[in-house]
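Here's the structure we're looking at; comments come further down.
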Amino acid sequence: MGEMSSFQLGVIGALFLSVASSVSIVICNKALMSNLGFPFATTLTSWHLMVTFCTLHAAQRFNLFENKSIDIKTVMLFGILNGVSIGFLNLSLGFNSIGFYQMTKLAIIPFTVLLETVFLKKQFSQKIKLSLFLLLVGVGIASITDLQLNFVGTILSLLAIATTCVGQILTNTIQKRLNVSSTQLLYQSAPFQAAILFVSGPLVDQFLTNQNVFAYKYSPIVLAFIVLSCIISVSVNFSTFLVIGKTSPVTYQVLGHLKTCLVLAFGYTLLHDPFTDRNILGILIAIFGMGLYSYFCTQENKKKQADPLECQMKDKEDKPFLAHEKEGHEVKSSDKNSIV
């Protein structure tokens with residue numbers, strides 16, 4: 001019971017850190033890009049990852065966590081995949097309307113459920129699917145304003161969805177199968193993510209904005225917001241790996257839509273963004289869907305704990321925000337250092 005309580009507190013802390021840091025960085029970046037005219041999102045993300053790696057490297061040198069060797073092929077492919085997914089998401093935003101981009105983000109949940117069902121043989125009950133449907137409807141009502149389609153934008157959105165889903169599933173799978181922590185995985189993969197974005201970021205940004213990041217005139221206030229954004233990004237990147245490792249990719253996406261609702265609310269209160277009855281209705285429906293999702297997952301998890309034999313025969317289903325889970329479970333694998 002003590003271990004369960006400790007793990008539950010760890011999950012709550014990870015979720016809180018993820019929400020707080022993500023909402024903070026969205027507000028910071030919105031001020032940086034919209035108010036201060038710094039539009040280089042992909043390049044900024046590469047700086048985020050480099051600062052994250054440097055921070056973790058310093059922490060490792062001070063023995064704040066133990067580095068664990070992972071097969072270089074696994075780490076390299078995983079890091080490149082995550083870097084490419086960020087690039088596709090930014091390109092999708094550049095080629096599509098805001099409404100279609102929001103649809104792209106919403107599509108990540110059902111696509112993740114489909115991939116986990118087909119390839120990982122996970123089972124999602126009808127109640128779970130219903131709660132996810134209500135969540136997606138709510139976020140759609142709250143955030144989608146227009147749907148302008150074009151061929152290139154649609155292809156980029158499909159690529160963004162596929163790479164994001166696979167990357168998040170691998171984040172969970174690698175941590176579980178290779179028995180590595182979120183910190184260890186992020187530390188080893190961050191250099192590859194940063195490298196792919198550092199090379200491609202300026203090109204992607206120039207293609208989307210017709211501006212050169214190296215020719216931009218950096219004022220002191222812009223530099224201050226860039227530094228602040230990079231500092232917050234350490235918590236964002238760390239909490240992302242932590243939440244996916246402790247819960248699941250689907251739960252992380254559900255949490256992501258909670259952040260969307262909070263960003264809309266904070267944007268209205270702090271930045272005086274326009275806010276309508278439709279936004280309020282959508283947020284309420286989304287929150288109701290999140291509540292149902294967490295409740296149904298908790299109930300199903302309790303049933304599994306009550307039947308240990310069935311729990312051993314079936315894969316773990318999607319875990320809720322406050323789900324209980326035992327740490328240190330053993331996973332059989334022919335090679336503990338590689339899943340590729």
Side-chain angles (χ1 to χ4, degrees), residues 3-4 6-8 10-11 13-15 17-18 49 52-53 55-57 59-61 63-86 112-113 115-122 162-196 234-253 255 301 304 311-319 323-340:
E3 291 182 359
M4 281 189 174
S6 176
F7 182 80
Q8 186 180 23
V11 173
L15 294 169
L17 178 63
S18 179
L49 289 164
T52 298
F53 171 72
T55 302
L56 291 177
H57 183 68
Q60 194 271 330
R61 293 297 296 271
N63 296 320
L64 296 180
F65 73 94
E66 181 183 356
N67 186 26
K68 185 172 183 178
S69 178
I70 306 175
D71 176 66
I72 187 65
K73 181 182 176 182
T74 298
V75 174
M76 182 182 296
L77 292 177
F78 173 73
I80 292 175
L81 176 65
N82 278 299
V84 169
S85 73
I86 294 171
T112 301
V113 170
L115 288 180
E116 292 194 314
T117 301
V118 173
F119 294 103
L120 300 182
K121 307 303 180 184
K122 287 191 176 182
T163 53
T164 300
C165 291
V166 173
Q168 292 181 356
I169 290 172
L170 284 178
T171 301
N172 180 271
T173 304
I174 291 174
Q175 291 185 57
K176 292 291 191 296
R177 293 189 179 180
L178 302 186
N179 195 27
V180 296
S181 69
S182 55
T183 308
Q184 292 167 334
L185 179 58
L186 179 58
Y187 176 58
Q188 298 223 17
S189 63
F192 297 102
Q193 296 182 60
I196 192 71
V234 177
S235 294
V236 174
N237 291 322
F238 174 72
S239 61
T240 295
F241 278 63
L242 191 61
V243 169
I244 295 177
K246 285 184 175 292
T247 57
S248 74
V250 173
T251 296
Y252 175 74
Q253 285 298 323
L255 185 68
N301 195 56
K304 287 184 177 183
C311 185
Q312 291 176 2
M313 294 176 62
K314 293 183 179 180
D315 287 332
K316 286 187 177 181
E317 231 174 85
D318 199 21
K319 292 178 273 297
H324 298 296
E325 178 182 89
K326 292 183 179 180
E327 278 188 308
H329 63 283
E330 295 182 358
V331 180
K332 293 182 180 180
S333 175
S334 58
D335 182 358
K336 291 186 177 181
N337 294 320
S338 174
I339 64 170
V340 177

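Sequential numbering from 1 along the given sequence is applied to the chain's residues.
Scanning all heavy atoms of the two residues, the minimum distance from Q175 to L185 falls at CG-CD2, 3.8 Å. A pairwise comparison of heavy atoms in P249 and N172 identifies CD-CB, 3.9 Å as the closest pair. The nearest pair of heavy atoms linking I196 to G83 is CG2-CA, 3.5 Å. Here the closest non-hydrogen pair linking Q188 and I70 is NE2-N, 3.6 Å. Contact record, L242 with S182: CD1-OG, 3.2 Å, taken as the closest heavy-atom pair. The two atoms that bring S18 and V243 nearest to each other are CB-CG2, 3.9 Å, heavy atoms only.
Side chains of T171 and F78 form a contact here, defined as non-hydrogen atoms less than 4.5 Å apart. Residues I80 and V84 form a side-chain contact, since some pair of their non-hydrogen atoms from C-beta on lies under 4.5 Å apart. In this structure the side chain of T74 reaches within 4.5 angstrom of the side chain of I174, judged on heavy atoms. Within the 4.5 Å cutoff, the side chain of F192 has heavy atoms near those of the I72 side chain. Taking the side chain as every heavy atom from C-beta outward, S181 and F241 never approach each other to under 4.5 Å.
Annotation: the span from L17 atom CG to T240 atom OG1 amounts to 9.0 Å, rounded to 0.5 Å. A distance of 11.0 Å separates OG in S189 from CG in L81, rounded to the nearest 0.5 Å. Distance check, rounded to the nearest 0.5 Å: CZ of R61 to CG of N67 gives 11.5 Å. L115 contributes atom CG, which lies 8.0 Å from atom CG of L120 (distance to the nearest 0.5 angstrom). Between the CG atom in L170 and the CG atom in N82 there is a gap of 8.0 Å [rounded to 0.5 Å]. Distance OG1/T183 to CG/L64: 10.0 Å, rounded to 0.5 Å.
There is a side-chain donor-acceptor pair under 3.5 Å between Q253 and Q168.
Between Y187 and F65, a ring centre-to-centre spacing shorter than 6.0 Å is recorded.
Under a 3.5 Å cut-off, the side chain of Q193 and the backbone N or O of L49 do not form any donor-acceptor pair. In this structure, K68 contributes its side chain and N179 its backbone to a donor-acceptor pair below 3.5 Å.
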